[in-house]
Protein chains: 2
Amino acid sequence: MRALAVEDDARIAADLTAALQAAGFVVQTCADGESAWFLGDTEDYDLIVLDLGLPKLDGLSVLKRWRAAGREMPVLVLTARGTWSERVEGIDAGADDYLPKPFRMEELVARARALVRRSAGRGGAVQAAGDLSLDANRMTVARRGVPVAVTALEYRLLAYLMLHRDRAVAPSELLEHLYGDNFSREANALEALVARLRRKLGPGIIGTRRGFGYFLEAGEVGA
Amino acid sequence: MRALAVEDDARIAADLTAALQAAGFVVQTCADGESAWFLGDTEDYDLIVLDLGLPKLDGLSVLKRWRAAGREMPVLVLTARGTWSERVEGIDAGADDYLPKPFRMEELVARARALVRRSAGRGGAVQAAGDLSLDANRMTVARRGVPVAVTALEYRLLAYLMLHRDRAVAPSELLEHLYGDNFSREANALEALVARLRRKLGPGIIGTRRGFGYFLEAGEVGA
DNA sequence: GCGCCGCTGACAGGGCGCTGACAGGCTGGG
DNA sequence: CCCAGCCTGTCAGCGCCCTGTCAGCGGCGC
């Protein structure tokens with residue numbers, strides 16, 4: 001899960017980053033409205049935490065521009081004063097949830113998790129593609145009903161492939177979502193990861209489209 | 001076990017908190033309908049005690065909104081008047097149990113415990129998983145019928161693992177449910193707790209999935 | 001047939017989780 | 001009021017699993 005934290009106060013930003021990372025997010029931060037707008041418009045996040053008081057471009061405007069551009073990622077809005085008017089404005093602008101400062105980090109994390117759950121709310125917890133099935137609640141993987149022990153990183157890879165099972169996912173995209181932007185430069189890490197997974201799962205699960213990326217073989221037929 | 005007590009009468013709220021805490025819950029309270037709605041929607045509780053007469057937003061509406069949003073935690077409804085019509089409304093809105101005021105705290109606690117057990121889909125007060133058995137009424141633990149002396153905190157850990165015995169529970173989730181929101185930030189406290197429990201219970205009870213969390217080994221096979 | 005992308009096995013570093021020891025706080029008894 | 005005992009959080013150290021890196025090779029595409 002990738003998250004963007006938009007916050008100009010460096011100390012709060014650091015706390016935010018730490019808390020979200022502890023919750024399993026890969027976190028990126030930015031400190032002003034313009035770069036926030038650019039990042040949210042061009043990058044692909046599973047969650048954005050947005051402070052309203054920002055230099056250069058106001059948080060509410062950023063949010064409105066995103067929504068106007070059709071970007072629909074869940075956005076959690078932070079505001080300095082917990083006034084009702086600001087809250088209503090935030091909701092109107094397209095915020096999915098709202099948190100007044102000061103807040104406890106635990107509460108933010110809880111709401112962030114709830115948001116991601118809600119936005120992901122497609123279908124049941126168990127997803128299947130061919131022989132492979134993932135249980136999002138138990139975080140387990142099975143092939144033909146036989147449980148396969150996978151590590152946390154391997155699970156995340158499979159979950160992402162499952163989410164985009166209708167296409168081949170480029171290595172750069174996978175690296176981004178698994179490690180964040182500061183990902184290790186060696187793309188070979190991903191190849192090693194895939195190799196280990198293939199050994200565990202057996203053949204016919206993870207396919208390669210040379211020059212394009214990886215995909216779940218049960219996902220699409222042919223080409 | 002985390003519980004939310006929604007009650008605007010401060011004296012009753014205090015009694016509720018005390019009684020639930022004595023029963024082993026980590027209790028959070030709130031006094032109006034809107035904050036109740038937010039908390040119940042975003043946080044993760046094992047039980048909610050909900051008074052119907054609330055400022056800002058009526059209890060029944062709160063409950064309906066939760067259910068509409070797909071939140072399925074057990075809710076125990078309190079009402080000032082024990083009228084049948086209100087009871088029917090409550091059940092329709094998705095309440096799991098119903099208690100007319102005035103009530104004895106012992107009865108509330110008993111029903112609360114029953115609700116939590118029922119939501120886990122299991123019958124009696126004694127739950128078992130493999131060699132391990134927990135008695136929810138007496139708050140005692142036994143392995144192969146042999147009683148094992150555990151502290152209150154250790155019991156709560158076991159109870160939570162028992163409730164979610166079908167999966168591995170993340171350390172962050174355990175900290176949240178054992179200590180509430182103001183949990184100590186050192187995750188090592190949990191590791192120490194588990195270590196002490198393992199020494200008391202012996203091997204083959206509490207398992208670890210590296211990168212995921214802890215689980216009861218009798219719960220699931222493999223993976 | 002050649003080049004290059006991608007695969008694989010081996011290896012080492014790091015981080016997660018385990019353990020034993022210690023200290024502070026709370027409780028109950030004298 | 002003091003003391004003793006237990007509970008529990010913190011710390012430091014360590015071991016093991018995960019995972020990134022490297023080198024070499026195989027196979028697909030041109």
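In what follows, chains are A, B, ... by sequence order, proteins preceding strands, each numbered from 1.
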Specify the separation, in whole Å, of atom CZ of A:R209 and atom P of D:dG29.
11 Å
Is there a donor-acceptor pair under 3.5 Å between the side chain of B:R210 and the backbone N or O of A:T151?
no
With sequence neighbours excluded, tell me which residues meet side-chain hydrogen bond (donor to acceptor under 3.5 Å, both in side chains) with B:Y160.
B:H164, B:E173, B:H177
For A:T208, what residues pass the side-chain hydrogen bond (donor to acceptor under 3.5 Å, both in side chains) criterion, not counting sequence neighbours?
A:R198
note: A:I206, atom CD1; C:dC7, atom P; distance rounded to Å ~ 10 Å
Please give, in whole Å, the distance from C:dG20 P to B:R198 CZ?
12 Å
Which residue lies more 5' along DNA chain D, comparing B:E191 with B:T151 via nearest heavy atoms:
B:T151
So which one's nearest nucleotide on DNA chain C is more toward 5', A:R199 or A:F212?
A:F212
State which residues pass side chain to side chain contact (heavy atoms under 4.5 Å, CB included) with A:D8; sequence neighbours excluded, sorted by chain then number.
A:D51, A:L54, A:P55
How would you list, by chain and number, every residue that makes a side-chain hydrogen bond (donor to acceptor under 3.5 Å, both in side chains) with A:K56, sequence neighbours excluded?
none
Please compare A:R156 and B:K200 by the position of their nearest nucleotide in DNA chain D and report the one closer to 5'.
B:K200
Check each of B:L20, B:T17, B:V49 against B:F25 using the side-chain contact (heavy atoms from CB on, under 4.5 Å) test, and report the only one that passes.
B:L20
Students often get this wrong, so: under 4.0 angstrom with heavy atoms, is A:L193 touching a base, only sugar-phosphate, or nothing?
nothing
Over how many whole Å does the gap from B:L197 atom CG to D:dT8 atom P extend?
10 Å
How many whole angstroms separate atom CD of B:E154 from atom P of D:dG9?
10 Å
Between D:dC7 (C1') and B:L178 (CG): distance, integer Å
15 Å
How far does the helix from C:dG1-D:dC30 to C:dG30-D:dC1 bend, going by the axes of its first and last five pairs, to the nearest 10°?
40°
Any N or O donor-acceptor pair linking the side chain of B:R210 to the base of D:dC18 at under 3.5 Å?
no
Taking only N and O in the side chain of A:Y179, is any of them less than 4.0 Å away from OP1 or OP2 of D:dT19?
no
Roughly, in whole Å, what's the span from CG in A:N188 to P in C:dC4?
18 Å
Side chain of B:A189, heavy atoms from C-beta onward: which of C:dC18, C:dT8, D:dG9 has the nearest atom to it?
D:dG9
Can you tell me how far P of D:dC18 sits from OH of A:Y155, to the nearest Å?
17 Å
Quick one: list whatever passes side chain to side chain contact (heavy atoms under 4.5 Å, CB included) with B:E106, sequence neighbours left out.
B:R104
D:dC7 phosphate, OP1 or OP2, under 4.0 Å from B:R196 side-chain N/O:
no
Base, sugar-phosphate, or nothing for A:Y214, non-hydrogen atoms under 4.0 angstrom?
sugar-phosphate
